[in-house]
Amino acid sequence: MLKQHLQFKLSQKLSPQQIQLMKLIQLPTQAFEQRLKQELEENPALETGKDEVDTQQDEFDDLYDNETDSESISAEDINIDDYLSDDEIPDYRTQANNYSADDEEKSVPYAAGISFNQYLINQLNTIYLTDEEWSIAEFLVGSVDESGYIRRPLSDIMDDLAFTQNIYTDEKTIEKVLHIVQDLDPAGVAARTLEECLLLQLKRKEMTPSIELAIQLLEKSFEQFTKKHYQKLIQKHNITEEQLKDAIAEIERLNPKPGGSYSGNNRIVEHVVPDFSIRIVDGELELTLNGRNAPELHVSREYNNMLEGYKNSKEKSKSQKDTVMFIKQKLDAAKWFIDAIRQRQQTLYITMNEIMEYQKEYFLTGDERKLRPMILKDIADGIGMDVSTVSRVANSKYVDTPYGTKLIKDYFSESMKNDQGEDVSTKEIKKILETVIGEETKKKPLTDDKLAAILKEKGYPIARRTVAKYREQLDIPVARLRKQI
C-alpha cells in the first residue's frame, strides 16, 4: 500500500504549496496535461523524458560567464548541496505498475477552451453593426446564462445600459438588436422563455406541415401543449391524432437548453478521457490509473552542472550569485512539482482503489442494485484522508469500467432502510423507480402515490414526497406530463 502524506484538516491553514497540490488533485487527466505543459514551458529546470539534456540554456551560461562584477561572496551564502544529488542526473520519474500500459494517443485534442460568451462574440464580429448596436449586442450576450437564455426583462437591461455603459436607448431598439443576437448559433440562444426558445429553433427549419403545426401549437396553445391536453389540442386545431403526434415529435427533437453543451465552467466539453480503468481479470478487480497522469520528469542536467560549477569555483562574483539564486528558485519549483505529481498519483490511486473495494460487488457484476450506500466520509475514513480531498477526486474524475465510463461521484449515495431493516442505497431505489416508470402504461402513467405503493410492495417503504424527490432527481416529469397519446 502506498504511503500517503496528505492528511490536511479543514481547521488547519493550508500553505500556498498545499493549496496548489489540492488544485492538482482536482484536475482530471486532460486538464492535468495542460497544467503539465504550462509548467514545462515556464520552468526550464524541469524536463520530461528519460534522459534528455536541455540544450537551451545559453542565456544562463552567458550570465554564469559574466565576471564584470568582481564582488566576492561566500560559498556559505547558498547551500549548494541541498540542490545537488549523488547521481549525475537526478531522476524523479514516477514509475509504478499501477498505470495503464498503453501510451494512449498523446495527440488526442484537449476540450476546447472557448467560453460560450466568447463563442457568441466571435459570431457578432462577422455582422455589420453600428457602434450603438454593437454595444447593446455585446451587453445582451453578456446577459445570456449558461442554459442559453436571457432571463432579465428588457426594461432592466435598458436601465443597466444607461447606468453602467452610458448608453441611453429604448426597449424597441434593444429588442431589434436582440433579434440579431437570436440569429446566432446555437439556434434558440438568447430566448427569454422556453416557448420563444423552441419557436426560434422551429423557424430555422425547412417548413413542412408538421413543423408549421408545431409552430401553431406553441404560438396559440402553449399552455395546453405543456399540460398535455391532447384532446383539446386536436379539437382546437382541427387535426388528427397522427398529425398531432408528428408535430410533437418535431418539438421533442429541439433543445430546450441551447447553452447546455457549454455548461460546466461555461466551456465546451468534446469528449471524456477516463482517469482510471477497472477490469476483471481472473475473477478479480484490477485498477489502473491512466498513464498520462504519470509523466517521466527530471531536473535539468544543465542546472545541476551550473550549481556544481558555482560550488567548485574559487572566486564567486555577485553576478554568479544572482544567477545561482535564479537557478535555485527554478530547481525548488521543479522538485516541488515533481513531488506534487507523485503525491497526486498516490492520492488518486489510493482513493479510487478504496472506492473500488467498497463497491466490489457492483464492479464485479455491473448490477446497480448492488451499489452500497457510500458517502465521502466512508472513503475518507478508510484511507485516512480529509473528506475534501476525496471530494476533489470524486467530483471531476471518470472511471472506465466493463459497464461504461462513469463519473466517480455518481457512485456515492445516501442510505435508507428497507422493510427488513437493512441499509440500502438510495441509488438502488432510484433504479427500481426508474424501471417501474419505464414499464408503466404511457396512456395512464403512475402517480407518485401509486409509485410509493408499488415500492412499498417491493420492500421499500418510502413516503410519496420522497418518491417525488427521487423522480425529480432522475429528471422524470410528473405523471400528467408523461402521458402519451
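Using a 4.5 Å cut-off on side-chain heavy atoms (C-beta onward), L124 and L184 make contact. Proximity of R279 to D400: side-chain heavy atoms (C-beta onward) are separated by under 4.5 Å at one or more points. The shortest distance between side-chain heavy atoms of P186 and N255 does not fall below 4.5 Å. Using a 4.5 Å heavy-atom cutoff, the side chains of N353 and I383 are not in contact. By the 4.5 Å heavy-atom criterion applied to side chains, P256 and L194 are counted as neighbours. Proximity of T405 to V399: side-chain heavy atoms (C-beta onward) are nowhere separated by under 4.5 Å.
The two atoms that bring M207 and L202 nearest to each other are CE-O, 3.6 Å, heavy atoms only. Residues Q201 and A187 approach most closely at CG-O, 3.4 Å, considering heavy atoms. Nearest approach of I280 to L364, heavy atoms of both residues: CD1-O, 3.7 Å. The nearest pair of heavy atoms linking P258 to C197 is CD-SG, 3.6 Å. The shortest non-hydrogen separation linking Q345 to P295 is NE2-CD, 4.0 Å. Heavy atoms only, all atoms of each residue included: A334 and V299 are closest at CB-CG2, 4.4 Å.
Using a distance-only test at 3.5 Å, with no hydrogens or angles considered, no donor-acceptor pair links the side chain of Q359 to the main chain of L371. At least one donor-acceptor pair closer than 3.5 Å links the side chain of N290 to the backbone N or O of P274. A donor-acceptor pair is defined here as one N or O able to donate and one able to accept, closer than 3.5 Å; no such pair exists between the side chain of Q329 and the backbone of M325. The backbone N or O of Y149 lies less than 3.5 Å from no partner atom in the side chain of S147, so there is not a single donor-acceptor pair. Checking side-chain atoms of R204 against main-chain N and O of G188 turns up no donor-acceptor pair under 3.5 Å. A donor-acceptor contact shorter than 3.5 Å links the side chain of K397 to the backbone of Q26. With T441 contributing its side chain and K444 its backbone, the two residues share no donor-acceptor pair below 3.5 Å. Counting only distance, with no hydrogens or angles, the side chain of E361 and the backbone of K370 share no donor-acceptor pair below 3.5 Å. Between the side chain of E138 and the backbone N or O of I121, no donor-acceptor pair lies under 3.5 Å.
Side chains of T447 and D449: no donor on one and acceptor on the other come within 3.5 Å.
The CZ atom of F337 sits 9.5 Å away from the CG atom of N43 when rounded to the nearest 0.5 Å. Considering CG of L287 and CE of M356, their distance stands at 5.0 Å, rounded to 0.5 Å. Taking CG of L200 as the start and CD of E195 as the end, the distance is 10.5 Å to the nearest 0.5 Å. The OG atom of S388 sits 5.0 Å away from the CZ atom of R392 when rounded to the nearest 0.5 Å. For the atom pair CZ of R464 and CZ of R471, the computed distance is 8.5 Å after rounding to the nearest 0.5 Å. Here the straight-line distance linking atom CG of L289 with atom CZ of F276 works out to 5.5 Å at 0.5 Å rounding.
Using a 4.0 Å cut-off between a side-chain N of Lys or Arg and a carboxylate O of Asp or Glu, D339 and K335 do not qualify as a salt bridge. Ion pair D367/K431 not flagged as a salt bridge, since none of the NZ, NE, NH1 or NH2 atoms sits closer than 4.0 Å to an Asp/Glu carboxylate oxygen. The residues R35 and E39 are annotated as salt-bridged, a charged nitrogen and a carboxylate oxygen being separated by less than 4.0 angstrom. In summary, R465 and D448 do not engage in a salt bridge, as defined by a charged side-chain N under 4.0 Å from a carboxylate O. Ionic pairing of D378 and R372 is not present here: no N-O contact between side-chain nitrogen and carboxylate oxygen is shorter than 4.0 angstrom.
Looking at I355, V393, V387 one by one, the single match for side-chain contact (heavy atoms from CB on, under 4.5 Å) with I379 turns out to be I355. Looking at K257, R152, R151 one by one, the single match for salt bridge (charged side-chain N to carboxylate O under 4.0 Å, His left out) with D145 turns out to be R151. Paired with Q38 under the rule side chain to side chain donor-acceptor pair (under 3.5 Å), one option of E41, Q34, E42 passes, and it is E42.
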**Message:** Does Y470 form a side-chain contact (heavy atoms from CB on, under 4.5 Å) with I476? I'd like the steps, not just the answer.
**Reply:** CA-CA 9 Å; Y470 291 167; I476 297 174; over 6 Å; no
**Request:** Just do the side-chain contact (heavy atoms from CB on, under 4.5 Å) check on L297 and L36 with the steps written out, would you?
**Result:** CA-CA 10 Å; L297 296 173; L36 174 64; 4.1 Å; yes
**Message:** Working note: M352 + L348, criterion side-chain contact (heavy atoms from CB on, under 4.5 Å); need CA distance, chi angles, decisive distance, verdict.
**Reply:** CA-CA 6 Å; M352 189 64 228; L348 297 189; over 6 Å; no
**Request:** For the pair T29 and Y398, evaluate side-chain contact (heavy atoms from CB on, under 4.5 Å) and give the outcome as yes or no after the intermediate values.
**Result:** CA-CA 9 Å; T29 298; Y398 286 82; over 6 Å; no
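Relative to the ring axis of F32, R292 does not place its NZ or CZ within 45° and under 6.0 Å from the centre.
Within 6.0 Å of NZ on K442 lie more than 12 heavy atoms contributed by other residues, nucleotides or ligands.
Ring orientation note: the planes of Y411 and F363 are nearly perpendicular, at an angle over 60° on the 30°/60° scale.
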